[in-house]
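Letters go in sequence order (proteins before strands), and every chain restarts at 1.
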Amino acid sequence: MRQILSIATTTVGEAIRRRVLLIILLIGVLFLVVAPGLGVLSARSETVVLRGMMLGIIQLTSAVIAIVLTVYMIPNEIERRTIYTILSKPVQRWQFLIGKYLGAVFSLGLMMALMTAVLVFVFWLQASDQSLAAVGAMVKAPTMYFVQMSLLAAVAIFFSTFVAPLVNFFLTGGMYLLGSLFNPFFQTLQENQGTHPVTKAFAGIVNTILPNFANYNVQNPIINPTQVIQNESRYYLEVTFYGLFYIGILLVAGILIFDRREV
Amino acid sequence: MAAAIETKQLTKSYKSRAAGNINVVDNLDLHVEEGEIFGFLGPNGAGKTTTIKMLLGIIYPTSGEGFVLGKEIGDMAVHRLISYLPERPYYYEHMTGLELLKFYGSLFGIYDEAKYRALLEKVNLHRDMTKTISQYSKGMQQRVGLAQSLLNDPKLLFLDEPTGGLDPIAHREIRDLILSFRDEGRTVFISSHELSEVELICDRVAIINKGIIERQGKLTELLHGGRIEITVGGVDEAFLKGLNIPDSNIRGLPVGVLMDMPEEQDPNGIIDAVRNRKGTVISVVPRRKRLEDLFVETVTNPALGGKPSVPPAVAEEIVK
Ligand SMILES: Nc1ncnc2c1ncn2[C@@H]1O[C@H](COP(=O)(O)OP(=O)(O)OP(=O)(O)O)[C@@H](O)[C@H]1O
Ligand SMILES: [Mg+2]
């Protein structure tokens, strides 16, 4: 356990110093700060649309950071031979991989927390209700995004155990788009009464294999205007468990591949 | 003495598009004794790093087996007792020397600030321990690498080209450190291209070429077979030939005649004979065999052709 923690901490230390990530983060924050100034929107819908826009910025920035951060993580360790000194110590490969993954998730959490703080601050300034509960409501969506990004990082780590970073970039990015945009489509296909059984089975398979990133696009009126959630807390809990389960499977599969691999 | 490292037909092959499977390490039988400094020599691409990585469980052998400190390779328990300095190593640049030791120490469960400082002092970095690795020179990075390799008080160290790319002063510092490891009772397995250095510090060596061990043994035995050159004046070549020294060569020089002969020959008899003939002895020069000669001979001599070589001592007996 201490090996995993040491590796994770070190990974965070490295990640928060990576210039590319900091630049992406800076751009994201910049957009967040100027977003309220874009007063092109009608006053009535302003807050709702602005909120959706800012959440969109957070989500997009986080996704780019998550992918850029994780696709290079394992390959870099191998290329720079830092992994050799680590694996020659009493560290198992699975501990190394989990440590790296946790480090990525911690780093993502830090960066997302920063962006969320900007979001909360902007709304808190102009909100009539400045209670803690109101703030709590505001961080719900970013929290769900965090689960989403953790899942995305697990996808990237899984692929990084056997494909090159650039391929991984498109693979993971593609999975994210597919899982965000098409998963709802396949879900409808699967659940629809009139669907042909073959199509239905196919949709079911796609649905199961493809990580359902759309789950977490809650409270974003731009992306999911029609999503209605009856029992909020239960829904959040369910999709969080879905995420954790999926992450677990990805990590175990990644470890199995990484264990056999030459480094 | 017990074996620190023992391999039996250890083999690693890689697929290549041109040549099918090539054995990068080919049926390697290594034997390293506890407490010795063992030099692992060979030209670029001979398979040295590949062998070390197999012994550390970083890559997996295609066939054969290997034992490190009596345990089969890959055994995690052994990793507590060994350490590794990779060739051209790289450390997390954002860390300071002290933080680096903390990080590697934590992987062993060692949280001992005094120990980190003592190790940095041992490698002469105590004044630079708060600088980040990115500010370290190559020599300093290599020394911090040696410091981290001592964290767990290892019984066996794998050093892959520890002096590669360093200046003469750094060379000497690292050489002295390695010698101190032996004094502390550690076994050191060192891969190197610095043959004069290896000659100074190693007890035994193996020379590997294209994945095959060509020579392995005590340095003193392998370097057996030096020559003695005697230059004399006032006598002619025929006189020296008449002495019938086995395996000798005689040729005329402007100043006299030069004869070289195996180092086992006692030069005193020849000197006496020359003097009795009223000749003069101009010089007697022992030409010790250098590791470099042995290396070049081993690597370039196609006659050896990958077959286990005949030790020079035996070869001479065959000649006699
Ligand atoms: N992953 C790999 N795939 C294919 N060939 C490899 C791989 N790793 C090493 N080799 C080949 O194995 C051979 C031995 O490499 P190795 O690094 O062990 O040599 P070395 O003796 O350490 O050389 P050097 O003195 O240059 O460090 C080389 O020909 C190299 O090209
Ligand atoms: Mg090498």
Non-hydrogen atoms of His94(B) and Gly13(A) that approach each other most closely: NE2-C, 3.7 Å

Phe245(A) CZ: over 12 foreign heavy atoms closer than 6.0 Å: no

Heavy-atom contact with chain A under 4.5 Å, split by part of Gln148(B): both

Lys89(A) to Phe108(B), cation-pi by 6.0 Å centre distance and 45° axis angle: no

Chain A interface, residue from Phe158(B), Tyr104(B), Tyr92(B), Tyr84(B) that has the most non-hydrogen pairs under 4.5 Å: Tyr92(B)

Value rounded to 0.5 Å, distance of OG1 in Thr9(A) from NZ in Lys102(B): 12.5 Å

Which atoms of Arg17(A) approach chain B - backbone, side chain, both or neither, heavy atom under 4.5 Å: side chain

Donor-acceptor contact present, side-chain Arg81(A) to main-chain Arg88(B), <3.5 Å: yes

Greater than 12 external heavy atoms within 6.0 Å of Glu65(B)'s CD: yes

Working for side chain to side chain contact (heavy atoms under 4.5 Å, CB included), residues Phe103(B) and Ile86(A): CA-CA 10 Å; Phe103(B) 167 60; Ile86(A) 295 173; 3.9 Å; yes

Enclosure of Phe181(B) CZ (heavy-atom neighbours >12, cutoff 6.0 Å): yes

From CG (Leu5(A)) to CG (Leu107(B)), nearest 0.5 Å: 11.0 Å

Phe241(A), CZ atom: more than 12 neighbouring heavy atoms under 6.0 Å: no

Heavy atoms of other groups near Phe169(A) CZ, more than 12 under 6.0 Å: no

Interface moiety of Gln95(A) toward chain B, non-hydrogen atoms closer than 4.5 Å: neither

From CG (Leu55(B)) to OG (Ser88(A)), nearest 0.5 Å: 12.5 Å

Interatomic spacing from CG in Leu85(B) to OH in Tyr84(A) - rounded to 0.5 Å: 14.0 Å

Chain A contact via Lys53(B) - which portion, at a heavy-atom distance below 4.5 Å: side chain

Heavy atoms of other groups near Arg261(A) CZ, more than 12 under 6.0 Å: yes

Worked verdict on Thr85(A) versus Tyr91(B) for side chain to side chain contact (heavy atoms under 4.5 Å, CB included): CA-CA 9 Å; Thr85(A) 21; Tyr91(B) 303 101; 4.3 Å; yes

Pairwise side-chain contact, Tyr14(B) with Glu262(A), heavy-atom cut-off 4.5 Å (strictly under): yes

Which of Ala77(B), Pro86(B), Gly109(B) touches chain A most, by non-hydrogen pairs under 4.5 Å: Gly109(B)

Atom NZ of Lys122(B): over 12 foreign heavy atoms under 6.0 Å: yes

Within 6.0 Å of OH in Tyr60(B), more than 12 heavy atoms from elsewhere: yes

Portion of Glu77(A) that has a non-hydrogen atom of chain B nearer than 4.5 angstrom: side chain

Sidechain-backbone polar pair: His79(B) side chain, Gln92(A) backbone, donor-acceptor under 3.5 Å: no

Under-4.0 Å salt bridge between Glu93(B) and Arg80(A): no

Chain B contact via Arg93(A) - which portion, at a heavy-atom distance below 4.5 Å: side chain

